[in-house]
Protein chains: 2
Amino acid sequence: MNEPQLVRGLGEQIVERLREDILSGRIAEGERLREVDLAKRFSVSRGPIREAIQQLAWEGVVETDRNKGALVSTSAPNEITELIIPLRCTIEKYAIRLYFDQLTEDDFLVWETILQKMKQACETNDFALISEHDIAFHRSLVTRAHSPDLLAIWSAMVSRIRRHFRESHLKYKNPIQIYEEHLPIIEALRDGSLTETLQTIEDHIE
Amino acid sequence: MNEPQLVRGLGEQIVERLREDILSGRIAEGERLREVDLAKRFSVSRGPIREAIQQLAWEGVVETDRNKGALVSTSAPNEITELIIPLRCTIEKYAIRLYFDQLTEDDFLVWETILQKMKQACETNDFALISEHDIAFHRSLVTRAHSPDLLAIWSAMVSRIRRHFRESHLKYKNPIQIYEEHLPIIEALRDGSLTETLQTIEDHIE
DNA sequence: TGACCACAGATTGTTAACAATTAACATTAA
DNA sequence: TTAATGTTAATTGTTAACAATCTGTGGTCA
């Protein structure tokens, strides 16, 4: 049940690559996305490209006007950020509660792999990559709950506060601190204390 | 600014018609949606059909498996409802705060028009229509803030708890009570007391 | 009988061509 | 010059054909 979907459609693969490019900032805010360009870049036809763009539009990553194509949307104003962040925190804590007592070593492997990549990005001061892995890590916290509904709502929020991630990263004198701040989450999960884990998440996000 | 999009793509039109069919029950839960059937029914090719199905899948109205097509969502009102309802309440209260001191008579006209339609639906015991106007009313509370981001996040949530609306309505012995429960919100807004309005919203959504 | 496999029909995934719309630019007239 | 207009290129919307995948049926063999 709930097969992990071994083979994925082209559209889904492209969604992930485009989302990474945009959330990390490699594709700038306001930039225009042309279907034929993307089709050439990913060596597919426009069908899967349109599929990917529609998905990103619903997530709020890009904005589309009929017959005018898609623009990378500009991040939400800060006042909404203040609303969204606690909501996002609530969702992540809720997700963790769902699977907390079913954790396996595979789960930790996934998270530690992401954090390892984040560490490398920190060491090379690649802030785009840091943001990408930061978001990927938190996304994986939600994904683990295997609830498409939860993930959809979380995505709709996070894509709108992605600038908050990047800007919060810039505050650190030494980027490696960004990596280090994620370690307590994994440690708390390993220790097996639910309340401590939730508290760690809350401290981390705020 | 913010043109109402005069001409809409085939995909969008089909989304609306399919969503109505599903929410009203004309297409039953669990029923399978075949692309060619829908294409014939709407006299278009499979392209716009796939577009519509993808959108409904994101909204949570249908579920799709790769290479297996789409089913009308039957997933019970998961425990996620308990998470989403307070989040939704938070968003609506936040929205109201944004425009509370800029209300005009036009705003009340919009709301009272919706409630009037809801009243008629209550009088004819048309629960599908009651739900439709109930959701429309709350959506208009959010729309008034003129924040596409806020509306998108709210929509992502509400489309996933729409069944909660229907089922909560069924609890009433006399449907007119559903209508009457919305009146205090408008009254509080008219009275001009922000804190009282927010409290009313909270009590209403509970 | 029951498990296994092959095959055919049905269904979705992908592609490329065609149609409709938009945007940019040159042309013309006031 | 500037505004209005016609023309052309670029871009998105739609369609239909082709490829890949799944599902069910029937047969074979132990």
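So that the names make sense, note that chain A is the first sequence line, chain B the second, and so on, each numbered from 1.
A donor and an acceptor atom, one from each side chain of Tyr179(B) and Glu123(B), are nowhere located under 3.5 Å apart. With 3.5 Å as the limit, one finds no donor-acceptor pair spanning the side chains of Gln55(B) and Glu51(B).
Between Glu35(B) and the options Lys68(B), Lys40(B), Arg46(B), a salt bridge (charged side-chain N to carboxylate O under 4.0 Å, His left out) holds for only Arg46(B).
Taking atom CG on Leu71(A) and atom C1' on dA23(C), their separation rounds to 14 Å, with Å as the unit. Distance, Ile14(A) CD1 to dT15(C) C1': 13 Å, rounded to whole Å. To the nearest angstrom, C1' of dG24(D) lies 14 Å from NZ of Lys68(B). Between the CG atom of Asn67(A) and the C1' atom of dT21(C) there is a distance of 5 Å, rounded to whole Å. Remark: C1' of dT11(D) and CZ of Arg66(A) are 13 Å apart, rounded to the nearest angstrom.
The side-chain tip of Arg166(B) does not point at the ring of Phe127(B) from less than 6.0 angstrom away and within 45° of straight on. Both cation-pi conditions hold for Arg190(B) and Phe108(B): the charged atom is under 6.0 angstrom from the six-membered ring centre and inside a 45 degree cone around its axis.
Using a cutoff of 4.0 Å between basic side-chain nitrogens and carboxylate oxygens, Lys117(A) and Asp126(A) are not scored as salt-bridged.
Between His138(A) and His204(A), the ring center distance clears the sub-6.0 Å criterion.
Interface residues of residues 29-43 of chain A facing DNA chain D, ordered by number: Arg32(A), Leu33(A), Arg34(A), Glu35(A); criterion, heavy-atom separation under 4.0 Å. For the contact set between residues 46-53 of chain A and DNA chain D, defined by any heavy atom under 4.0 Å, the members are Arg46(A), Arg50(A).
Between the Arg162(B) side chain and the Ser159(B) main chain, a donor and an acceptor come within less than 3.5 Å of each other.
Considering only the side chain of Ser45(B), dA16(D) comes nearest among dG13(C), dA16(C), dA16(D).
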